[in-house]
S.K.: 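Would you mind keeping the following structure in view while I ask a few things?
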Amino acid sequence: MDYEPVIGLEIHAQLLTASKMFCGCSAVFGAPPNAHVCPVCLGLPGALPVINRGAVSHAVRAALALGCTVHETSVFARKNYFYPDLPKGYQISQYEQPLATDGLVPADSDYWAPPYDVRIRRLHLEEDAGKLLHEGFADSARRSYVDLNRAGVPLVEIVTEPDFHGEGAARYAAALFAYLRELLVAISANDGNMEEGSLRCDANVSVRPVGSQRLGTKVEIKNLNSFRFLEDAIDFECRRQIDVLTSGERLIQETRLWNGSARRTVSMRSKEEAHDYRYFPEPDLPPLVVDAARVRTLQADLPDLPALRRRHLMTTHGLTREEVVTLTRVAPGLDVYFEETVKSGATARATKNWLLGAVRAKMNEEGYDVAQLRERLGPERLAGLIRLVEAGTINSSMAKDVFEKMFQSVRDAAEIVRAEGLAQIDDESRIDALIREVLANNGDAVAQYRRGRAATFGFLVGQVMKAASGKVNPARVSQLLKRALEAL
Ligand code: ADP
Ligand code: MG
Ligand code: ZN
């Protein structure tokens, strides 16, 4: 029997706020352990939570960017379980009445999107737990330590329907995760830092016989914090499930973890061991009300989303899909830089070539992001350089030189060309003079050319270029040389 994968994702993204979800503690990563704690996030008796308005705004914007319906009233709930990183004994989340539901990532809506719709089931607010430290201490072999700086940091959880299926499902799931990352970063809701755990994904994986509409038993793979891990874990898990089924055994519903070095998933707990969270509405918080006027304001505040930016770049500037992907993804903000360069008078084609060529190489070499690139070489200055090439004032190898020099000073391209005497010889009479000189000194070659040895022409062009120290356009030399030879 042939099986196909069926996959749904749950993505947790830390919201970019100064303070935690329900208290005034700093939410910033990297402080010494337990530096950011207070009675509220420690769950001390009598401490009262207060909803972080900025976190709500971020979550609403994320919901709108995903086409969700934002509900005027949503309700925080207690999700009860015991774990040493959870001092309160419960996590405040949203359960029966989430902030937003029913979003959609339409089929083929962007270069990464699957050829089928991916529905967003829900998007809700919650708080993060703390972190157990199992390594790095002298007695780590015997003890674990708890850092509660992350306890209470605001998260948004985004849950998809199990819509990824068939051929390429793992790849599309990873692409959607990448898209969500880009989207959340674009609206400044998340910092996109997966290594620090700001963004992580749980993959729910099942398989079913091709043609069947019923969902199979699912396995949840927890805490995947890279696109590669997500794709590899899903691929491995699908193969494992198909092996279990084809050998006539039954799958059990369980939670598994991805072991990146062994390249396999390993069981963490089965459904029987799963928590019964005993959700109930959080008695210390009122329902969260986000009225229509606030939703409208937040909607108006959204920047152009990446998919729209890409379509705009393709249609307005005649770029290909791959070029646009590189401009919008490889370095965030490079697409804006591109458009500003074009606005400053460079052609789209040349600008694209510079950005994807020399500029990108320079950024890689120096480790610059777009802001750092701007500090050293703003779009107007790059446009100035490109215009000199397009006007034929300098050729492309000189331009590379000038480009490098532009990083060493604030001078613009024209100044550098003038100061270094790099401008090409453009004056026809000066080029003609050089040609006459070369023809006079290369009588043999001229004779050969006239006997029909066409290859000699290239040699003569080379001699003229040399006489001009390369500061002349070869096409122009060819044209004038041909005229000179014909006139002999
Ligand atoms: P749970 O109650 O275990 O959290 P849910 O039904 O709420 O399960 O779904 C959680 C996630 O699992 C969602 O992303 C959903 O799309 C996905 N999911 C549910 N059932 C399946 C299945 N059989 N195969 C793959 N994914 C599934
Ligand atoms: Mg779940
Ligand atoms: Zn606190």
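Atoms within a ligand are numbered from 1 in the order they appear, just like the ligands themselves. Keep in mind that the numbers below use all heavy atoms, side chains included, and drop hydrogens, waters and symmetry copies.
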S.K.: Got an N/O contact under 3.5 Å between Ile7 and ligand 1?
M.R.: no

S.K.: Work out whether the distance between some heavy atom of Arg121 and some atom of ligand 1 is less than 4.0 Å.
M.R.: yes

S.K.: Which of parallel (below 30°), tilted (30 to 60°) and perpendicular (above 60°) describes Phe164 and Tyr116?
M.R.: perpendicular

S.K.: Should you measure from each heavy atom of Leu9, which atoms of ligand 1 turn up under 4.0 Å away?
M.R.: 14 (O)

S.K.: Answer yes when Glu237 and Arg264 have at least one side-chain N-carboxylate O distance shorter than 4.0 Å, and no when they do not.
M.R.: no

S.K.: Any idea which of Ile11, Val118, Ile158, Thr160 brings a heavy atom closest to atom 16 (O) of ligand 1?
M.R.: Thr160

S.K.: Can you tell which part of Thr217 has a heavy atom less than 4.0 Å from ligand 1: side chain, backbone, both or neither?
M.R.: neither

S.K.: Does the N or O separation between Pro162 and ligand 1 drop below 3.5 Å for any pair?
M.R.: yes

S.K.: What atoms of ligand 1 come within less than 4.0 Å of a heavy atom belonging to Val6?
M.R.: 24 (N), 25 (C)

S.K.: Between Lys218 and ligand 1, does any nitrogen or oxygen pair lie at a separation below 3.5 Å?
M.R.: yes

S.K.: Indicate, as side chain, backbone, both or neither, the part of Val159 found under 4.0 angstrom from ligand 1 when only non-hydrogen atoms are considered.
M.R.: side chain

S.K.: Taking the six-membered ring of Tyr90 (Phe, Tyr or Trp), confirm whether the NZ or CZ of Arg78 is under 6.0 Å from its centre and within 45° of its axis.
M.R.: yes

S.K.: Roughly how far, to the nearest 0.5 Å, is CG of Leu382 from CZ of Phe403?
M.R.: 7.0 Å

S.K.: Rounded to the nearest 0.5 Å, how far does CG of Leu15 lie from CE of Met21?
M.R.: 8.0 Å

S.K.: Crowded around Gln408 CD? As in, over 12 foreign heavy atoms under 6.0 Å?
M.R.: yes

S.K.: Inspect the contact between Glu127 and Arg150 and indicate whether a charged nitrogen and a carboxylate oxygen are less than 4.0 angstrom apart.
M.R.: no

S.K.: Please calculate the SG(Cys41)-the Zn ion (ligand 3)-SG(Cys38) angle and round it to 10 degrees.
M.R.: 120°

S.K.: Would you check the N or O atoms of Gln253, main chain and side chain alike, for any that come under 3.5 Å of an N or O of ligand 1?
M.R.: no

S.K.: Which label fits Tyr279 and Tyr95: parallel for a plane angle under 30°, tilted from 30 to 60°, or perpendicular past 60°?
M.R.: parallel

S.K.: What atoms of ligand 1 come within less than 4.0 Å of a heavy atom belonging to Glu161?
M.R.: 16 (O)

S.K.: Taking 2.8 Å as the cut-off, does His36 contribute an N, O or S atom near the Zn ion (ligand 3), distance below it?
M.R.: no

S.K.: Might you confirm whether atom CG of Asp291 has over 12 heavy atoms from other residues, nucleotides or ligands at distances under 6.0 Å?
M.R.: yes

S.K.: What atoms of ligand 1 come closer than 4.0 angstrom to any heavy atom of Gly216?
M.R.: 23 (N)

